[in-house]
S.K.: 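Shown below is the structure under consideration.
Hydrogens, waters and symmetry mates are skipped; everything else that's a heavy atom, side chains included, is used. These numbers were taken from a predicted model, which means no experiment stands behind them.
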Amino acid sequence: MLLFWVGFLLLAHTYVIYPWHMQRLARKVRKWPVPAPETELPKISILLAAFNEEAVINEKIRSSLNTNYPADKLELLIGTDCCTDQTDAIIKEWAKQDNRILLLPFTQRMGKPAIINALAERAKGELFILTDADTYFVPDTLPQLIAPFLTDNTIGGVQSAFRTETLGGTVGVQETLYNDREMEMKAGESSRGAVIGAFGSGYAIRKNNFRPIPEGFVVDDFYLFMEVLRQRKQCVLAPEAITRLQVSGVSQVQYRRKVRISRGNWMNLVYFRKMLSPSYGFTAYAFWSHKALRWLGPWLLLVTLISSAYAAANSHLMLWAFYAQIAFYGLALLDGILGKFSLNSKWLRFIRHFVWMNFALLHGFWNYLRGEKQAWWNNHS
């Protein structure tokens, strides 16, 4: 019975108590003053890794350059990962018209981390802006994103606020709400200067705080912010630095993406394990609560199920707890069956999405144990 309550309370902490705590702290999130017109702004380098992005790269470049940031203080470096579509040709056409664009094409697959490392070596800016190809800026994104750096020199990383645009599929609502919840937790963490892991839609790092991503790593966004925190610098949210994030609502696409992220999560957990120590204060608390316990979630779910089944013979409470869990997983299965007949329930879909997300975490952990090394990605995965 003790194992059941330990598992149950840890799950409750990461999925209920911690988000509630961050929701309260989010009320204190700081809004940073926009730089005054006469302010001498730092040179910034936008770093973008791209693979077969012909559908979005035009709008990405346009939104990156059509900004309220001074043109002479901005450069856009794009590394292409052996593209097989028209991505390189489109970028070359843009580069002919605007000398702020630098294209670095790779002729064999390298993976996003290796490309970001290569771009960082070529970048001339004091601040690096990292972003994904399917995320778009609005005119004020960049001035708002760099504002915290001008206010406080202890800040090493700044996260943008993203607005999700779902592209069809059956889990679009669930993914959108998940992203909104993540944004709220990052706002709470920001009030203490410890945003745990960047979100790839758009974030900034001081060049001096950038550390090359280790070979074979995935989930580079998480790594880069954690490196900043390890240097005892702050990572904060700029709530008015808006990025428009496109998210696929196709369940198969999201499952593959989460499996890949899960593998990278375990790389990061092992790499940054010392930051779970109480010596890191609030950062350690947030790391445990927001990430580590979430990644351990599949095992905690198994612990609660098995321990309640074992104790059911001697406790009516454990018997009902076991039945409740079986019913919960049964509802997830029911949603899958109903989906075959195009019958959908939003509430059942939330249950299946939760179960399916934890299966993806297990799958990713298995890939990590097998030593899977692939660091590159395919579109929408």
S.K.: Count the heavy atoms of every other residue, nucleotide or ligand shown that sit under 6.0 Å from CZ of R230, and state whether that count exceeds 12.
M.R.: yes
S.K.: Less than 6.0 Å separating the ring centroids of H353 and W356?
M.R.: yes
S.K.: Can you find a heavy atom in the side chain of V218 that is under 4.5 Å from one in the side chain of I261?
M.R.: no
S.K.: Would you mind checking if R62 and E59 are paired as a salt bridge, meaning a charged N to carboxylate O distance below 4.0 Å?
M.R.: yes
S.K.: With a 4.5 Å limit on heavy-atom distance, are the side chains of L142 and F137 in contact?
M.R.: yes
S.K.: Under 6.0 Å between ring centres: does that hold for Y255 and F359?
M.R.: no
S.K.: I'd like to check I44 versus E126 (side-chain heavy atoms, cut-off strictly below 4.5 Å). Are they in contact?
M.R.: no
S.K.: With under 30° as parallel and over 60° as perpendicular, where do the rings of F8 and W5 fit, or are they tilted in between?
M.R.: perpendicular
S.K.: Dump the intermediate steps for salt bridge (charged side-chain N to carboxylate O under 4.0 Å, His left out) on E182 and R294, then the final yes or no.
M.R.: CA-CA 12 Å; E182 285 292 299; R294 185 90 57 85; 3.5 Å; yes
S.K.: Count the heavy atoms of every other residue, nucleotide or ligand shown that sit under 6.0 Å from CD of E215, and state whether that count exceeds 12.
M.R.: no
S.K.: Less than 6.0 angstrom separating the ring centers of W295 and F222, yes or no?
M.R.: yes
S.K.: Taking D335 for the side chain and L331 for the main chain, is one N or O donor matched with an acceptor at less than 3.5 Å?
M.R.: no
S.K.: Indicate the atoms forming the closest heavy-atom contact of C82 with T107, along with that distance.
M.R.: SG-O, 3.4 Å
S.K.: What's the spacing between E75 CD and L102 CG if we round to 0.5 Å?
M.R.: 7.5 Å
S.K.: Judged by atom type as modelled, is there a donor-acceptor pair below 3.5 Å linking the side chain of D81 to the main-chain atoms of M110?
M.R.: yes
S.K.: Do W288 and M226 belong together in a cluster built from hydrophobic side chains that touch within less than 4.5 Å?
M.R.: yes
S.K.: Any link between L11 and V303 through a network of hydrophobic side chains (Ile, Leu, Val, Met, Phe, Trp, Tyr) touching at under 4.5 Å?
M.R.: no
S.K.: Looking at P139, is its backbone amide N or carbonyl O close enough to the side chain of T67 to form a donor-acceptor pair, meaning the two atoms are under 3.5 Å apart?
M.R.: yes
S.K.: Will you find, in the side chains of T84 and N52, an N or O donor that is under 3.5 Å from an N or O acceptor?
M.R.: yes
S.K.: Any side-chain heavy-atom pair from L74 and K43 closer than 4.5 angstrom?
M.R.: no
S.K.: Take a 6.0 Å sphere around CZ of F350 and say whether it holds more than 12 heavy atoms from other residues, nucleotides or ligands.
M.R.: yes
S.K.: For a quick test of reading the model, state the closest non-hydrogen atom pair linking A187 to A26 and the distance between them.
M.R.: CB-CB, 3.8 Å
S.K.: Could you tell me whether R181 and E184 have a side-chain N and a carboxylate O separated by less than 4.0 Å?
M.R.: no
S.K.: Under 3.5 Å, side chain of N268 to main-chain N/O of G264, donor-acceptor pair present?
M.R.: yes
S.K.: Decide whether I146 and L76 are clustered together by the hydrophobic rule: side chain heavy atoms of Ile, Leu, Val, Met, Phe, Trp, Tyr closer than 4.5 Å, transitively.
M.R.: yes
S.K.: Tell me if the OH atom of Y310 is crowded by more than 12 foreign heavy atoms within 6.0 Å.
M.R.: no
S.K.: Under the 3.5 angstrom rule, does the side chain of N367 hit a backbone N or O of R263 as a donor-acceptor pair?
M.R.: no
S.K.: Is any side-chain heavy atom of I78 less than 4.5 Å from a side-chain heavy atom of I61?
M.R.: yes
S.K.: Using the ring of each side chain (for Trp, its six-membered ring), is Y18 parallel, tilted or perpendicular to H13, with breaks at 30° and 60°?
M.R.: tilted
S.K.: Are any side-chain N or O atoms of S308 and backbone N or O atoms of T304, one a donor and one an acceptor, separated by less than 3.5 Å?
M.R.: yes
S.K.: Do you know which of Y223, Y280, F287 makes ring-ring contact (aromatic ring centres under 6.0 Å, His included) with F272?
M.R.: Y223
S.K.: I need the minimum non-hydrogen distance between S160 and M183, along with the two atoms involved.
M.R.: O-CE, 3.6 Å
S.K.: CD of E53 to CD of Q86: how many Å apart, nearest 0.5 Å?
M.R.: 14.0 Å
S.K.: Mark yes or no for whether T80, through its side chain, and D88, through its backbone, hold a donor-acceptor pair below 3.5 Å.
M.R.: no
S.K.: For residues R192 and K28, determine if any side-chain heavy atom of one lies less than 4.5 Å from a side-chain heavy atom of the other.
M.R.: no
S.K.: Taking the six-membered ring where the residue is Trp, are the ring centres of F162 and F199 under 6.0 Å apart?
M.R.: yes
S.K.: Taking everything shown except Q97 itself, do over 12 heavy atoms lie less than 6.0 Å from its CD?
M.R.: yes
S.K.: Counting only heavy atoms not in Y329, do more than 12 fall under 6.0 Å of its OH?
M.R.: yes
S.K.: Any side-chain donor paired with an acceptor under 3.5 Å for R211 and Q231?
M.R.: yes
S.K.: What are the two closest heavy atoms between P239 and W32, and how far apart are they?
M.R.: CD-CD1, 4.3 Å
S.K.: Using 4.0 Å as the upper bound for N to carboxylate O, is an ion pair formed by D220 and K112?
M.R.: yes
S.K.: Go through it in stages, so that I can follow the logic: the residues are I326 and F322, the test is side-chain contact (heavy atoms from CB on, under 4.5 Å), and I'd like the CA-CA distance, side-chain angles, deciding distance and then a yes or no.
M.R.: CA-CA 6 Å; I326 294 298; F322 175 72; 3.8 Å; yes
S.K.: Quick one: does L77's side chain get under 4.5 Å of I46's, heavy atoms only?
M.R.: no
S.K.: What's the spacing between L296 CG and K291 NZ if we round to 0.5 Å?
M.R.: 13.5 Å
S.K.: Consider only side-chain heavy atoms of I, L, V, M, F, W and Y, link residues closer than 4.5 Å, and tell whether L224 and V158 are in one cluster.
M.R.: no
S.K.: On the 0 to 90° scale, with breaks at 30° and 60°, tag the Y271-F217 ring pair as parallel, tilted or perpendicular.
M.R.: perpendicular
S.K.: What are the two closest heavy atoms between G156 and N209, and how far apart are they?
M.R.: CA-OD1, 3.5 Å
S.K.: Taking atom types as modelled and ignoring hydrogens, do the side chains of T154 and Q234 form a donor-acceptor contact shorter than 3.5 angstrom?
M.R.: yes
S.K.: First locate atom CG of L48, then atom CD1 of I57, and finally report the distance between them rounded to the nearest 0.5 Å.
M.R.: 5.0 Å
S.K.: So Y285 and H21, would you call those rings parallel, tilted or perpendicular, with 30° and 60° as cut-offs?
M.R.: tilted
S.K.: Let me check something: do V138 and Y69 share a hydrophobic cluster, defined by ILVMFWY side-chain heavy atoms less than 4.5 Å apart, either directly or through other members?
M.R.: no
S.K.: Main chain of T87, side chain of D85: is a donor-acceptor contact present, judged purely on distance under 3.5 Å?
M.R.: yes
S.K.: Show the nearest heavy-atom pair for residues K124 and S45, with the distance to one decimal.
M.R.: N-OG, 3.5 Å
S.K.: Nearest 0.5 Å, what's the CG-NZ distance between N179 and K186?
M.R.: 10.0 Å
S.K.: Taking the six-membered ring for Trp, are Y15 and W20 closer than 6.0 Å centroid to centroid?
M.R.: no
S.K.: Out of T243, T131, D221, which one pairs with Y203 under the side-chain hydrogen bond (donor to acceptor under 3.5 Å, both in side chains) rule?
M.R.: D221
S.K.: In sequence, state the C-alpha distance, the side-chain angles, and the governing distance for L245 and D132, and then conclude on side-chain contact (heavy atoms from CB on, under 4.5 Å).
M.R.: CA-CA 9 Å; L245 170 66; D132 292 334; 5.5 Å; no
S.K.: Examine distances only and state if a side-chain atom of S262 and a backbone atom of L361 form a donor-acceptor pair shorter than 3.5 Å.
M.R.: yes
S.K.: What's the spacing between Y136 OH and N66 CG if we round to 0.5 Å?
M.R.: 14.0 Å
S.K.: Quick one: are L65 and I101 in side-chain contact, heavy atoms under 4.5 Å?
M.R.: yes
S.K.: Keeping Q159 on the side-chain end and A198 on the backbone end, is there a donor-acceptor pair under 3.5 Å?
M.R.: no
